[in-house]
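All remarks here apply to the structure that follows.
Residue numbering restarts at 1 for every chain, and letters A, B, ... go by the order of the sequence lines. Fair warning: this is a prediction, and the values are worked out from it, not measured in the lab. For the numbers below, each heavy atom of this structure counts, side chains included, while hydrogens, waters and symmetry mates do not.
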Amino acid sequence: MLDIQTLRNDLDGVAARLATRGFVLDKEKFAQLEAERKNIQSRTQELQARRNSSSKLIGQAKAKGEDVSAIMAQVATLGDDLKQAEVQLGVVQNALQALLEMIPNSPHGSVPFGKSEADNLEVRKVGNIPKFDFAVKDHVDLGEKLGLDFDTATKISGARFSLLKGGLARLHRALAQFMLDTHTEQHGYTETYVPYLVNAESMRGTGQLPKFEEDLFKVPRQTIFDGGSTSFDGKTTTFNDNLYLIPTAEVPVTNMVRDEIVPLEDLPMKFVAHTPCFRSEAGSYGRDTRGMIRQHQFDKVELVQMVHPDTSYAALEQLLVHAETILQKLGLPYRVVKLCTGDMGFSSALTYDIEVWLPAQNTYREISSCSNFEAFQARRMQARFRNAQGKPELLHTLNGSGLAVGRTLVAVLENYQQADGSVVVPDVLRPYMGGKEILAP
RNA sequence: GGAGAGGUGGCAGAGUGGUCGAAUGUACCUGACUCGAAAUCAGGCGUAGCGUUUACGCUACCGUGGGUUCGAAUCCCACCCUCUCCGCCA
């Protein structure tokens, strides 16, 4: 969520920034809601002030045993006006809030302008692309012999699920363990184990709700109403008790600081979590249907930082290096791209993607996304720290994949394949594989 | 699933219809005392919004949402959460 003060002070400037990422801010609507809000709020508060002072007089008069009927009659005339004003104010404020929650983050000044991923900026290429003197296979063909079983997964669950057996399942686990150990032992992250089902408030905090509900798996609870309303005593109340499967560990981990004021000395906070991620992939029909590139369920090791606003961009560079380190240790070639304005995620101010080389596709594919959200998520979450002056201030949040485990598995298979269909286990993973050096059919 | 207790400021903890935005303690900040520190004394110390934007004034917030009332932390209803005991369970 953007700062409403900034919108009030510089509506045109904000709209221009947002336009670079293809978002059209409805300036007229905002201005109109703001004018209404101002008007109704002043009026409401004035009525409330009159009611409060009269009520206070009644209390004082009663204490002295005086007659209060005159004041009572006077204050009674406020009733309907005040109630109506309060209702109107609530309506306008809800509308403003709803508008604000649908506005994406404003891109950082250094983000290149562009419309799509074609306009992203390559920052660096690292590692040597392997040469093969035989026809390379993709991970599906390689995996078939090694324990990758889509047919059974489809029977059990459906499309976009996968099942691993034997050495491949162990390699998958080894990758996650290796990533966790590297980040905790060498990069200073605290390992966390977090819930995979979270409430709507958490999804709102990191920006998945209200705009991207269709991308999530929702888990309704029995006897609970679907965000709708129910009536009792002739009154109406709304409930929303749904839980959602996390699309990334970013959600539970970042929300650890929701509604908290953390001491200055606790910053920066650095957490790493290995979790499954669940995505409905609505709207991606037909894309990446082959293999385990795009799944409803995949594992990811996620890095999350909560930092002082002054240091968030330095922290992003570090976080990016932490993620790159995994690829370097695995000996996988990759490149880093800075996303252009049109390709960034809703909540991000600046995003680097790391793309790993996939020989069978003869191209780089996204394996990590590292973003600085500045105060965008913190404002939604009311996640603050106590600054040097002792005042609460919004902190900055960042996260990045370190890395997506399933796609890393794909990259290892394809880059370490041999002519006979076996796959060499990268050195750093062997301790996690019981010393095994080769995965053979 | 059943029974009970409870959710108040950074923390602890009072407050059952009216000078309560909230006592007191503690933590923190400032000053005094001290060579300095501790102890002691005095003062200050929640968040957000609105209007003038310095001084100030007003409004909202005591788990959440409704209701009763001229007036609600306090009364009523619903929901959420925490704790204790019983049952079931990995």
Just to be sure I understand the rule, does R43(A) reach a base, reach only the sugar-phosphate, or reach nothing, if contact means heavy atoms closer than 4.0 Å?
nothing
Only pairs with both distances under 3.5 Å count, Watson-Crick or wobble alike; so what is the partner of rC79(B) in this structure?
rG63(B)
Could you work out the separation of rG57(B) and rC33(B) based on their C1' atoms and round it to a whole Å?
39 Å
With rounding to whole Å, what would you report as the distance between rU68(B) and rU74(B) at their P atoms?
15 Å
Taking only the C1' atom of each, what is the distance from rA3(B) to rG13(B) in whole angstrom?
28 Å
Does R407(A) reach the side chain of F298(A), with side-chain heavy atoms less than 4.5 Å apart?
no
At under 4.0 Å between heavy atoms, what does Q5(A) touch on the DNA or RNA strands: base, sugar-phosphate, or nothing?
sugar-phosphate
Indicate for each nucleotide in nucleotides 54-61 of chain B, in 5' to 3' sequence, whether protein heavy atoms under 4.0 Å reach the base (B), only the sugar-phosphate (S), or nothing (-).
----BBS-
Indicate every side-chain donor-acceptor pair of residues 159-167 of chain A with a distance under 3.5 Å to a residue at least two apart or in another chain.
| unit_1 | atom_1 | unit_2 | atom_2 | d |
| --- | --- | --- | --- | --- |
| R160(A) | NH1 | R287(A) | O | 3.3 |
| R160(A) | NH1 | D288(A) | O | 3.4 |
| R160(A) | NH1 | R294(A) | O | 3.1 |
| R160(A) | NH2 | S284(A) | O | 2.9 |
| R160(A) | NH2 | R287(A) | O | 3.0 |
| S162(A) | OG | Q295(A) | OE1 | 2.9 |
| K165(A) | NZ | D149(A) | OD2 | 3.4 |

When you compare the side chains of N105(A) and S347(A), does any donor N or O come within less than 3.5 Å of an acceptor on the partner?
no
Is it the case that Y189(A) and H322(A) place a side-chain donor and acceptor less than 3.5 Å from each other?
yes
What's the CE-P distance between M381(A) and rU47(B), to the nearest Å?
20 Å
Looking at E86(A) and K83(A), is any side-chain nitrogen of the basic one under 4.0 Å from a carboxylate oxygen of the acidic one?
no
Give me the distance, rounded to whole Å, that separates rU34(B) from rU59(B) when you measure between the C1' atoms they each carry.
47 Å
Using whole Å, what does the distance between atom P of nucleotide rC20(B) and atom CD of Q60(A) come to?
11 Å
Taking for each residue the nucleotide of RNA chain B with the nearest heavy atom, is it E34(A) or R386(A) whose nucleotide lies nearer the 5' end?
R386(A)
Base-pairing assignment for rG1(B) (Watson-Crick or G-U wobble, both under 3.5 Å)
rC86(B)
Pair assignment for rC41(B), Watson-Crick or G-U wobble, requiring both distances under 3.5 Å:
rG31(B)
base_contact_polar (rG18(B) base, K56(A) side chain, donor-acceptor, <3.5 Å)
no
E201(A) CD - rG65(B) P separation (whole Å)
11 Å
Could you tell me whether K38(A) contacts a base, only the sugar-phosphate backbone, or nothing, with contacts defined as non-hydrogen atoms closer than 4.0 Å?
sugar-phosphate
Quick one: which of rU47(B), rG49(B), rG71(B) gets closest to the side chain of R384(A)?
rU47(B)
Find which nucleotide of RNA chain B each of K62(A) and Q93(A) is nearest to by heavy atoms, and output the residue with the more 5' nucleotide.
K62(A)
Take atom C1' in rC35(B) and the same atom in rU47(B), then report the distance between them in whole Å.
42 Å
Residue list, side chain to side chain contact (heavy atoms under 4.5 Å, CB included) with T206(A), at least two apart or on another chain
Q208(A), E250(A), V251(A), T254(A), N255(A), Q377(A)
P gap between rC50(B) and rG25(B), integer Å:
35 Å
Whole-Å gap separating C1' (rU69(B)) and CG (L82(A))
13 Å
Can you tell me the distance, in whole Å, between the NZ atom of K83(A) and the C1' atom of rG66(B)?
11 Å
Calculate the interatomic distance between L394(A) atom CG and rU47(B) atom P; express it in whole Å.
13 Å
Separation between the P atoms of rU19(B) and rC62(B), rounded to whole Å:
15 Å
Electrostatic pair K211(A):E101(A) at N-O distance under 4.0 angstrom:
no
Does the plane of the ring in F178(A) sit parallel, tilted or perpendicular to the ring in Y432(A)? Use 30° and 60° as the thresholds.
perpendicular
Answer for the Watson-Crick or wobble partner of rC56(B), both distances under 3.5 Å, is rG51(B)
Side-chain heavy-atom pair L245(A), Q297(A) within 4.5 angstrom cut-off:
no
Round to the nearest Å and state the distance from D3(A) atom CG to rA48(B) atom C1'.
13 Å
Between C1' of rA48(B) and CG of L100(A), the distance in whole Å
15 Å
By the Watson-Crick or G-U definition, both distances under 3.5 Å, rU68(B) is matched with none
Distance between C1' atoms of rG63(B) and rC56(B) (Å, rounded)
34 Å
Watson-Crick/G-U partner (both atom distances under 3.5 Å) of rU24(B)
rA12(B)
Within the structure shown, what part of the strands sits under 4.0 Å from P392(A) by heavy-atom distance: base, sugar-phosphate, or nothing?
sugar-phosphate
